[in-house]
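Since the structure comes first, as structure tokens, the remarks are kept for the end.
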Amino acid sequence: MIARNPCIANIKAGYLFPEIARRRREFAASHPDTASPEGRVISLGVGNTTEPILPHICRGLAEGAGRLGTAEGYSGYTDEGFEELRKKISEVFYNGAFAADEVFISDGAKCDIGRLQLLFGAGIPVAVQDPSYPVYVDGSVLAGAAGGWEGTGYRGISYLPCTAENGYFPDLAALPENALFYFCSPNNPTGATASREQLGALVKAARERGALVIFDAAYSGYIRDPALPKSIFEIDGAGDCAIEVNSFSKPAGFTGVRLGWTIVPKELKYSGGESVNADWARVSGTIFNGASNIAQWGAIAALDPEGVREMGELCDFYLENAALIRAALQKLGIPCAGGDNSPYIWAGFPGRDSWDVFAEILENCRVITTPGSGFGPAGQGFVRFSAFGHRPDVEEACARLAKLGG
Ligand code: PLP
């Protein structure tokens with residue numbers, strides 16, 4: 001029989017979120033009162049959106065579906081995406097700085113993060129912020145970029161600690177030469193958003209060291225402080241050292257609809273001078289047949305002035321949840337980061353094991369969080385609270401958190 005890909009054997013068993021779901025089921029099975037309204041478990045764990053898609057954007061989706069049933073409106077494969085959508089993304093998010101063929105429409109940021117690895121092949125140095133969104137490391141290991149799991153991290157992946165002490169921004173002196181560096185701002189899980197100066201330092205370090213930054217801006221719609229950059233391309237010089245992935249999942253509630261985009265500037269070149277943009281068109285055209293047309297019509301509506309307003313309203317709703325959670329934790333004296341320009345609150349429990357804190361909050365408050373250690377070694381001693389939830393659930397969870405203080 002054919003042999004298993006050894007890279008699969010290298011990834012750590014059990015993805016974080018299925019493990020949380022397993023523990024939740026186990027808890028419910030041993031606590032029958034979780035079936036009652038008072039005893040029910042409330043999830044502030046995963047980053048899945050909960051609120052309905054707002055009307056203008058939803059109409060865009062419905063009308064898009066309707067078009068497919070007409071001779072004039074029907075469309076088939078769209079390869080890198082509708083030209084109208086690609087242009088609109090450039091105009092709305094990047095002041096028109098990118099040509100349509102630098103904007104690639106995807107079925108989501110996560111999917112493109114996984115596929116992007118194909119551009120670089122096995123054995124390249126990979127660096128991540130620690131803690132980080134799991135697909136950066138797991139995707140890299142699957143692509144053969146590193147050896148297996150060794151207790152606190154993968155061999156061959158550079159973990160750049162992001163801690164309270166360094167303001168959740170890594171020491172860039174530790175960035176390896178010619179590496180692929182995944183950087184996420186606003187950050188999942190820490191909720192920290194990099195300042196203009198910090199991103200300036202990141203671009204400078206990447207250019208000096210020949211690193212390519214994959215900048216994940218999936219939460220840029222949550223930035224409310226006008227001084228904070230929403231894209232790495234707001235920084236001079238980023239065009240020849242960065243790729244940006246983004247998504248309609250979190251600002252428009254498209255987690256189930258599936259639509260994202262990736263910017264690959266034409267000026268970005270490999271060490272041999274070849275065009276990364278041309279390769280991405282070739283690679284993604286080979287293994288991806290384009291995003292759903294219906295989703296793309298929804299995204300076009302999301303980029304109308306009314307759609308942009310609705311996305312802002314939806315993000316504001318979740319940010320209000322975040323403010324409630326953050327206030328409840330701070331009242332208990334628990335140190336927190338994030339929650340202001342991000343839907344995540346990173347709560348510190350120094351000296352504790354993250355899974356123990358997870359279990360304590362589940363046991364005492366019946367609230368699900370995400371253990372920080374699941375995002376990397378520097379996440380130990382933290383849990384992440386997600387602001388994606390219905391308001392009454394968030395309010396109830398915040399009231400229950402008071403039990404942690406007793
Ligand atoms: N990037 C980050 C940092 C995320 O937290 C998530 C989802 O939670 C994604 C990307 C996934 O985005 P998409 O739904 O577009 O695949």
Side-chain angles (χ1 to χ4, degrees), residues 15-18 20-21 43-51 53 57 81 85 89 93 103-117 128-140 162 168 180-194 213-223 230-232 242-263 284 288 290-292 295-296 298-299 302 311 314-315 318 322 337-339 341-346 368-370 372 374-376 379 384-389:
Y15 186 62
L16 177 62
F17 296 102
I20 292 170
S43 178
L44 299 181
V46 294
N48 204 353
T49 48
T50 54
E51 303 309 296
I53 293 173
I57 301 174
L85 177 58
I89 285 174
F93 295 113
V103 182
F104 294 82
I105 306 302
S106 71
D107 52 349
K110 190 181 195 178
C111 320
D112 258 5
I113 292 164
R115 288 189 287 257
L116 276 164
Q117 280 283 345
V128 292
Q129 289 163 289
D130 175 21
S132 72
Y133 181 51
V135 68
Y136 310 147
V137 276
D138 287 351
S140 303
C162 294
Y168 299 101
L180 191 60
F181 184 25
Y182 291 95
F183 193 95
C184 178
S185 176
N187 190 267
N188 178 10
T190 67
T193 305
V213 178
I214 299 205
F215 188 78
D216 186 341
Y219 297 97
S220 57
Y222 288 80
I223 294 178
K230 293 185 169 178
S231 162
I232 191 150
I243 289 174
E244 181 163 302
V245 290
N246 209 321
S247 170
F248 288 91
S249 283
K250 309 303 165 108
F254 274 22
T255 41
V257 174
R258 309 303 306 142
L259 202 75
W261 72 92
T262 295
I263 303 285
S284 96
F288 178 58
S292 145
Q296 291 189 67
M311 288 198 286
L314 188 64
C315 294
Y318 291 124
N341 295 286
S342 138
Y344 297 118
I345 298 102
W346 190 237
I368 296 279
T369 56
T370 306
F375 296 100
R384 187 196 73 176
F385 286 82
S386 160
F388 294 109

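In each ligand, atom 1 is the first atom listed, and ligand 1 is the first ligand listed. The residues of the chain are indexed from 1 along the displayed sequence.
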Where does the angle between the aromatic ring planes of Phe93 and Phe248 fall among parallel (under 30°), tilted (30 to 60°) and perpendicular (over 60°)?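 Answer is perpendicular, since the angle exceeds 60°.
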
Using 30° and 60° as the class limits, which term best fits the ring planes of Phe388 and Tyr219: parallel, tilted or perpendicular?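 Ring orientation of Phe388 relative to Tyr219: tilted.
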
Okay, side chain of Ser106, backbone of Gly108: is any donor-acceptor separation there less than 3.5 Å?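 Pair found, side chain donor or acceptor close to backbone of Gly108.
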
Say whether, by atom type as modelled, one donor and one acceptor occur between the side chain of Tyr318 and the main chain of Glu51 under 3.5 angstrom.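 Checking the backbone N and O of Glu51 against the side chain of Tyr318, a donor-acceptor pair under 3.5 Å is found.
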
Asn246 CG to Ser231 OG distance, which is reported to the nearest 0.5 Å: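 Going from the CG atom of Asn246 to the OG atom of Ser231 covers 8.0 Å.
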
Report each N/O pair between ligand 1 and the protein that falls under 3.5 Å, naming both atoms.
| from | atom 1 | to | atom 2 | distance (Å) |
| --- | --- | --- | --- | --- |
| ligand 1 | 1 (N) | Asp216 | OD1 | 3.3 |
| ligand 1 | 1 (N) | Asp216 | OD2 | 2.6 |
| ligand 1 | 5 (O) | Asn188 | ND2 | 2.7 |
| ligand 1 | 5 (O) | Tyr219 | OH | 2.6 |
| ligand 1 | 8 (O) | Tyr219 | OH | 3.2 |
| ligand 1 | 8 (O) | Lys250 | NZ | 2.7 |
| ligand 1 | 14 (O) | Ser249 | OG | 2.6 |
| ligand 1 | 14 (O) | Arg258 | NH1 | 2.8 |
| ligand 1 | 15 (O) | Ala109 | N | 2.7 |
| ligand 1 | 15 (O) | Ser247 | OG | 2.6 |
| ligand 1 | 15 (O) | Ser249 | OG | 3.4 |
| ligand 1 | 16 (O) | Ala109 | N | 3.3 |
| ligand 1 | 16 (O) | Lys110 | N | 2.9 |
| ligand 1 | 16 (O) | Arg258 | NH2 | 2.8 |

Give me the atom names and distance for the closest heavy-atom approach of Pro186 to Ser342.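 The answer is CB-CB, 3.9 Å.
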
